[in-house]
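Contents: one structure, followed by commentary.
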Amino acid sequence: MVKQELAESLREAVLEAQRKGVLGPAPLPEVLIEHPQSTEHGDFATSLPMKLARAMRMPPMAIAQRIQEHLSPPAQISSVTVAPPGFMNFTLRDDWLSGQVQWILDAGESYSDIDLGKGKRVQVEFVSVNPTGPLHVGHGRGAVLGSTLANVLAISGFCVEREYYVNDMGSQINNFGRSLYVRYLQCLGVEAALPDEGYHGKYMVDLAREIVAREGDRFLKTSEQEAVAQLAQIGTARMLDDIKQDFALLRVEFDVWFSEKTLYEDGKFEKAMELLRKGGYITERENATWFESSSLGQDKDNVLVRSDGQPTYFASDVAYHYDKFSEREFDLVIDIWGSDHQGHVPRMKAMLRALGHDPDRLRIIIHQLITLRRGGEIVRVSKRSGDIVTLREVVEEVGPDACRFVFLSRSADSQMDFDIELAKRQSADNPVYYVQYAHARIASIIRLAEERGIDFSEGDVSLLSTEPELTLIRRLVLLPEIMERVAVSLEPHHLPYYAQELATAFHSFYKQCRVVSEDRAMTGARLKLVRATKIVLARVLGLMGMTAPDRM
RNA sequence: GUCCCUGUAGCUCAGUGGAUAGAGCGGCUGCCUUCUAAGCAGCGGGUCGGGGGUUCGAAUCCCUCCAGGGACGCCA
């Protein structure tokens with residue numbers, strides 16, 4: 001990328017000037033290149049001279065001038081200027097910019113594939129909700145975040161696996177089984193009461209009814225314990241099917257559905273415990289088994305095996321991450337959790353250290369929870385209490401494109417309000433349609449060109465030189481940088497913003513420049529630009545899991 | 001009480017220590033005889049929660065206070 005080449009040439013210029021004694025000795029800080037907000041300052045800028053001023057005991061402007069004198073900028077740069085109080089501004093050559101249009105056309109759908117990951121194996125684990133009920137709107141956020149991030153990493157040179165961790169055992173599954181058993185009994189006319197901490201949602205009644213219809217009253221004949229266990233299994237399998245359907249609606253895909261149970265069946269739990277025990281991180285007290293995380297700087301120790309012999313959720317997570325790192329040997333693991341799991345992060349890091357792995361190989365993305373509103377009124381979303389607005393309900397009414405875009409356009413750190421009424425209104429002024437409309441407009445132009453039998457394969461992109469054209473191209477060539485930024489920061493929310501800016505540049509170009517006209521040469525050049533724009537728009541929309549319609 | 005996240009335009013939110021803090025929505029003006037007006041051009045709108053500090057330079061880093069959210073379980 002031009003940015004890196006420019007930084008490198010600046011570094012060399014400073015070193016060269018220092019060798020000649022034109023600039024004083026000073027340690028060279030990292031050369032940061034930014035995009036100036038004002039276009040009159042060019043495409044790139046650096047404040048390097050100001051950062052060197054103190055150490056070199058020289059005014060920033062003088063430093064800037066001397067760097068400029070020794071600088072051999074990359075060939076893509078047409079001008080280097082110095083601006084007070086000590087900036088250096090750089091502008092891209094017009095002919096390089098127009099040439100990029102051909103480059104994008106040649107690269108096609110692989111334009112902006114970058115080799116950041118160098119083939120490293122990365123696992124993205126997300127959502128991983130207990131299969132004890134339908135997904136609600138809040139889960140949609142993690143789903144969209146994870147799937148989009150995985151998409152970006154996949155084109156950034158990483159070998160990506162998308163994984164859903166299925167909690168198919170433990171106390172909540174048992175709780176779920178009990179609740180289902182009660183509903184089952186009630187459905188068959190047997191008196192039974194739901195425990196307070198049970199699952200009160202209406203969907204449990206429907207589920208019980210469904211099971212009665214399919215399985216009859218056979219669970220009346222088995223022991224309660226047996227019935228609860230079997231109903232839990234049938235019920236969670238059914239819930240998981242629902243969850244998979246919800247994902248399909250939202251265009252979220254997983255490569256692996258990982259069962260918690262298998263951690264115990266395949267001996268991974270034992271192996272992980274053995275590793276911790278050898279490291280001296282395990283103690284037995286009060287009849288329970290503890291992970292001595294306090295010896296790793298944590299506030300407190302954590303129970304791994306309860307006094308009743310049952311492993312905790314944390315114990316499963318130890319075994320699960322042992323499996324991720326020691327058995328499956330991922331280079332990088334990304335876990336995406338809701339902020340209610342925030343407190344879990346430090347002990348996970350401590351546990352990795354205890355297992356002998358670099359904690360930095362686990363990146364945990366915490367997204368804030370969604371406050372669900374219905375026309376301003378807060379809606380509670382607890383699964384156990386029952387009043388659920390399901391993800392499916394919202395996706396079906398709002399549409400997957402708008403849903404994904406809304407979820408994506410806020411950083412994971414922001415606590416977002418999701419007003420169902422507002423989302424359902426599906427206003428035509430939605431930025432979602434603004435971006436898609438740009439794509440549809442382009443498709444329409446290309447259709448017209450095809451109808452008129454225009455062959456623009458020999459179009460001369462060097463004719464693209466007006467301000468609207470170059471502004472549009474400047475947006476197009478930004479894509480690889482956006483990809484890198486998302487892949488490094490793990491922040492997909494930059495994508496929708498980029499998409500909007502690109503659409504703006506296109507709509508403005510469209511208004512000012514006639515594409516299909518009497519001027520055959522210009523028509524050919526602009527058709528190429530328009531097609532390149534279509535490629536980039538489709539790419540970004542695709543990464544966000546959205547459709548790129550040809551007509552609207 | 002301790003820890004984490006947040007506080008930027010009327011609303012929803014961007015903003016890699018740099019130049020005049022941005023976008024969308026909403027409000028107000030204009031613009032459809034030519035490829036899609038789901039569009040374009042423009043106007044108005046700000047104590048970047050408050051107060052200290054570091055720095056040539058702070059919305060951005062540090063401290064403190066205030067406000068909102070979340071977590072502090074042998075639940076997950």
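Naming: A, B, ... by sequence-line order, numbering from 1 per chain.
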Evaluate the ring planes of Tyr264(A) and Phe269(A), with Trp represented by its six-membered ring, and classify them as parallel (under 30°), tilted (30 to 60°) or perpendicular (over 60°). tilted

Among C4(B), G39(B), A41(B), the one nearest any side-chain atom of Gln342(A) is C4(B)

Of the listed nucleotides (G18(B), A19(B), C35(B)), which one gets closest to any side-chain atom of Ile445(A)? C35(B)

Ring centres under 6.0 angstrom apart (Tyr320(A), Phe258(A)): yes

Within the 4.0 Å heavy-atom criterion, would you say Tyr437(A) contacts the bases, only the backbone, or no part of the nucleic acid? base

What's the closest nucleotide to the Arg514(A) side chain, out of U34(B), C13(B), C74(B)? U34(B)

Pairwise 5' ranking along RNA chain B for Gln368(A) and Leu32(A), keeping only the more 5' one: Gln368(A)

Gap between atoms NE2 and P, on His367(A) and A71(B) respectively (whole Å): 13 Å

Proximity to the side chain of Gln415(A) - top-ranked nucleotide from G39(B), C5(B), U12(B): C5(B)

Would you indicate what Ala45(A) reaches in the nucleic acid, counting non-hydrogen atoms under 4.0 angstrom: base, sugar-phosphate, or nothing? base

Do Arg285(A) and Asp301(A) sit within salt-bridge range, that is, some charged N less than 4.0 Å from a carboxylate O? yes

Please classify the nucleic acid contact of Phe314(A) as base, sugar-phosphate, or nothing, using heavy-atom distances under 4.0 Å. nothing

Give Gln310(A) one of three labels, base, sugar-phosphate or nothing, depending on what nucleic acid heavy atoms sit under 4.0 Å from its own. nothing

Does His41(A) lie flat on the base of A19(B), that is, centres under 5.5 Å apart and planes under 30° off? yes

In whole angstroms, the gap separating P of A71(B) from NE2 of His341(A) amounts to 10 Å

Per Ser171(A) side chain, nearest of listed nucleotides U6(B), U34(B), A76(B): A76(B)

Establish whether the base of G18(B) is bridged to the side chain of Ser47(A) by a donor-acceptor pair shorter than 3.5 Å. yes

Compare the minimum distances between each of G18(B), C74(B), C40(B) and the side chain of Ser307(A), then state the nucleotide with the smallest one. C74(B)

Ignoring the backbone of Asp340(A), work out which of G39(B), A14(B), G70(B) is nearest its side chain. G70(B)

Check whether the side chain of Asn89(A) and the base of A19(B) form a donor-acceptor pair under 3.5 Å. yes

Is it the case that the ring center of Tyr498(A) lies less than 6.0 angstrom away from the ring center of His493(A)? no

Looking at Arg441(A), does any N or O in its side chain come under 4.0 Å of the phosphate oxygens OP1/OP2 on A37(B)? yes

Between G39(B), G69(B), C74(B), which nucleotide gets closest to the side-chain atoms of His507(A)? G39(B)

Give Ser411(A) one of three labels, base, sugar-phosphate or nothing, depending on what nucleic acid heavy atoms sit under 4.0 Å from its own. sugar-phosphate

With the side chain defined as heavy atoms from C-beta on, Val515(A) is closest, among G24(B), C40(B), C35(B), to C35(B)

What is the nucleic acid contact for Lys300(A), judged by heavy atoms within less than 4.0 Å: base, sugar-phosphate only, or nothing? sugar-phosphate

Mark yes or no: Arg441(A) above the aromatic ring of Phe506(A), with NZ or CZ under 6.0 Å from the six-membered ring centre and no more than 45 degrees from the axis. no

Select from Asn287(A) and His494(A) the residue whose nearest nucleotide in RNA chain B is closer to the 5' end of that strand. His494(A)

Please tell me whether Asp413(A) and Gln368(A) have a donor and an acceptor in their side chains that are separated by less than 3.5 angstrom. no

Please classify the nucleic acid contact of Arg347(A) as base, sugar-phosphate, or nothing, using heavy-atom distances under 4.0 Å. base

Residue-phosphate contact under 4.0 Å: Arg306(A) side-chain N/O, C75(B) OP1/OP2: yes

Can you measure Asn430(A) atom CG to G39(B) atom P for me and round it to whole angstrom units? 10 Å

Ranking C35(B), C13(B), A19(B) by distance to the side chain of Tyr497(A), first place goes to C13(B)

With a 6.0 Å cut-off on ring centres, are Phe87(A) and His41(A) close enough? no

What do you reckon, do Tyr434(A) and the base of A38(B) stack, with centroid distance below 5.5 Å and planes below 30°? no

